[in-house]
Amino acid sequence: MNNLLFVYGTLLQTENEFGVYLNKNCSFLGEGKVNGTLYDIGEYPGLTINNHSETFVYGHIYQMKHPEIVLNRLDFYEGVGPTEEQPNLYTRQLIPVETSDGIVSAWTYIYNLPVIGYPIIASGNYIEYLKQKKSSG
């Protein structure tokens, strides 16, 4: 099983309990970006993939020590799976992630519901967006 994970949203927050779990059970490999658009869904962001776009979403790449266990825990957090509300908020997919060393394939959570009406996070960087939102609010 692929042991790489790309995260771009609330899992990057140091106070998030699942972000803490991620840092205890994974090794940070570096930064990356994916072709897509990031939306402000409210308390979290939503990523939609567009391989033909010139817009990017920025995040971190982790190497999971035990991918099956980590992904099972994160699936619960992200609302993914047959026992979660249908349709799921996100789907977990292997996607190409651009790094400074080239392209890698990593698991990531893609927003699975309509995004009409949600604001676009133009920078593609959720943490920077939250900082700007907090300082202007």
Side-chain angles (χ1 to χ4, degrees):
M1 173 177 250
N2 186 304
N3 67 349
L4 298 182
L5 177 71
F6 175 75
V7 298
Y8 58 86
T10 59
L11 291 172
L12 295 173
Q13 296 173 312
T14 55
E15 68 278 4
N16 179 303
E17 82 172 90
F18 286 89
V20 170
Y21 173 83
L22 187 70
N23 282 296
K24 287 182 179 176
N25 293 280
C26 303
S27 301
F28 173 73
L29 292 183
E31 297 181 354
K33 64 182 181 179
V34 300
N35 281 107
T37 304
L38 197 59
Y39 293 87
D40 181 347
I41 308 298
E43 299 202 11
Y44 48 86
L47 163 66
T48 61
I49 297 297
N50 183 349
N51 292 323
H52 305 291
S53 122
E54 292 299 317
T55 60
F56 292 96
V57 174
Y58 299 87
H60 291 173
I61 301 167
Y62 289 90
Q63 184 171 28
M64 298 175 281
K65 296 172 185 163
H66 303 285
E68 296 87 359
I69 295 168
V70 170
L71 290 172
N72 185 50
R73 181 86 187 251
L74 294 180
D75 282 355
F76 168 76
Y77 175 69
E78 301 287 2
V80 172
T83 61
E84 300 294 329
E85 185 177 327
Q86 299 296 322
N88 289 171
L89 272 180
Y90 292 87
T91 61
R92 177 169 39 92
Q93 300 175 27
L94 272 175
I95 63 167
V97 181
E98 189 177 326
T99 73
S100 59
D101 296 325
I103 304 289
V104 298
S105 184
W107 291 107
T108 196
Y109 291 90
I110 310 299
Y111 195 65
N112 192 42
L113 299 178
V115 292
I116 296 168
Y118 289 118
I120 291 175
I121 300 172
S123 69
N125 184 319
Y126 185 63
I127 299 303
E128 287 301 316
Y129 173 76
L130 288 179
K131 288 177 186 173
Q132 290 173 358
K133 197 172 169 182
K134 188 175 185 179
S135 67
S136 67

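We count residues from 1, following the sequence as given.
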Between Tyr111 and Tyr118, what is the ring plane arrangement, given parallel below 30°, perpendicular above 60°, and tilted in between?
-> perpendicular

Identify whether Tyr62 and Val20 are in the same connected component of the hydrophobic contact network (ILVMFWY, side-chain heavy atoms under 4.5 Å).
-> no

Does the side chain of Ile49 come within less than 4.5 Å of Asn35's, by heavy atoms?
-> no

Among Ile116, Ile121, Val57, Ile120, whose side-chain contact (heavy atoms from CB on, under 4.5 Å) with Tyr39 holds?
-> Ile120

Taking the side chain as every heavy atom from C-beta outward, state whether Tyr77 and Asn16 have any atom pair closer than 4.5 Å.
-> yes

Donor-acceptor pair, Gln86 side chain versus Gly81 backbone, under 3.5 Å?
-> yes

Do Gln63 and Leu4 have side chains that get closer than 4.5 Å, going by heavy atoms?
-> yes

Less than 4.5 Å apart, any side-chain heavy atom of Glu84 and any of Phe76?
-> yes

Could you go step by step and tell me if Tyr21 and Val70 meet the side chain to side chain contact (heavy atoms under 4.5 Å, CB included) rule?
-> CA-CA 9 Å; Tyr21 173 83; Val70 170; 4.0 Å; yes

Worked verdict on Leu89 versus Leu113 for side chain to side chain contact (heavy atoms under 4.5 Å, CB included) | CA-CA 6 Å; Leu89 272 180; Leu113 299 178; 3.4 Å; yes

Without swapping roles, check the side chain of Asn112 against the backbone of Asn88 for a donor-acceptor pair under 3.5 Å.
-> yes

Looking at SG of Cys26 and CG of Asn3, how far apart are the two atoms once the value is rounded to the nearest 0.5 Å?
-> 9.0 Å

Atom of Pro45, atom of Gly9 and distance for their closest heavy-atom approach = CG-CA, 3.6 Å

Could you state the interatomic distance from CZ (Phe6) to CD (Glu31), rounded to the nearest 0.5 Å?
-> 10.0 Å

Keeping the roles fixed (side chain from Thr10, backbone from Tyr44), state whether a donor-acceptor pair exists under 3.5 Å.
-> no

4.5 Å side-chain heavy-atom contact, Leu5 and Leu71 | yes

Between the side chain of Asn2 and the main-chain N/O of Leu94, is any donor-acceptor distance below 3.5 Å?
-> no

Compare every heavy atom of Lys65 with every heavy atom of Lys24, then report the nearest pair and how far apart it is.
-> O-NZ, 3.5 Å

Show which residues join Tyr58 in its hydrophobic cluster (side-chain heavy-atom contacts under 4.5 Å, direct or indirect), or state none.
-> Phe56

Does one hydrophobic cluster hold both Leu29 and Ile103, with members joined at side-chain heavy-atom distances below 4.5 Å?
-> no

Do Thr55 side-chain atoms and Gly36 backbone N/O form a donor-acceptor pair below 3.5 Å?
-> yes

Within a strict 4.5 Å, meaning less than it, do heavy atoms of the Arg92 and Leu74 side chains meet?
-> no

Does a side-chain heavy-atom distance below 4.5 Å link Tyr126 with Leu12?
-> no

Does some side-chain heavy atom of Ile127 sit less than 4.5 Å from a side-chain heavy atom of Gln13?
-> yes

Enclosure of Phe28 CZ (heavy-atom neighbours >12, cutoff 6.0 Å) | yes

Stepwise side chain to side chain contact (heavy atoms under 4.5 Å, CB included) test for Asn25 and Ile69 = CA-CA 9 Å; Asn25 293 280; Ile69 295 168; over 6 Å; no

Would Ile61 and Val97 count as a side chain to side chain contact (heavy atoms under 4.5 Å, CB included) if you check the C-alpha gap in whole Å, the side-chain angles of each, and the deciding distance to 0.1 Å?
-> CA-CA 9 Å; Ile61 301 167; Val97 181; 3.6 Å; yes

Could you please spell out the steps behind the side chain to side chain donor-acceptor pair (under 3.5 Å) verdict for Tyr109 and Asp75?
-> CA-CA 9 Å; Tyr109 291 90; Asp75 282 355; 2.7 Å; yes

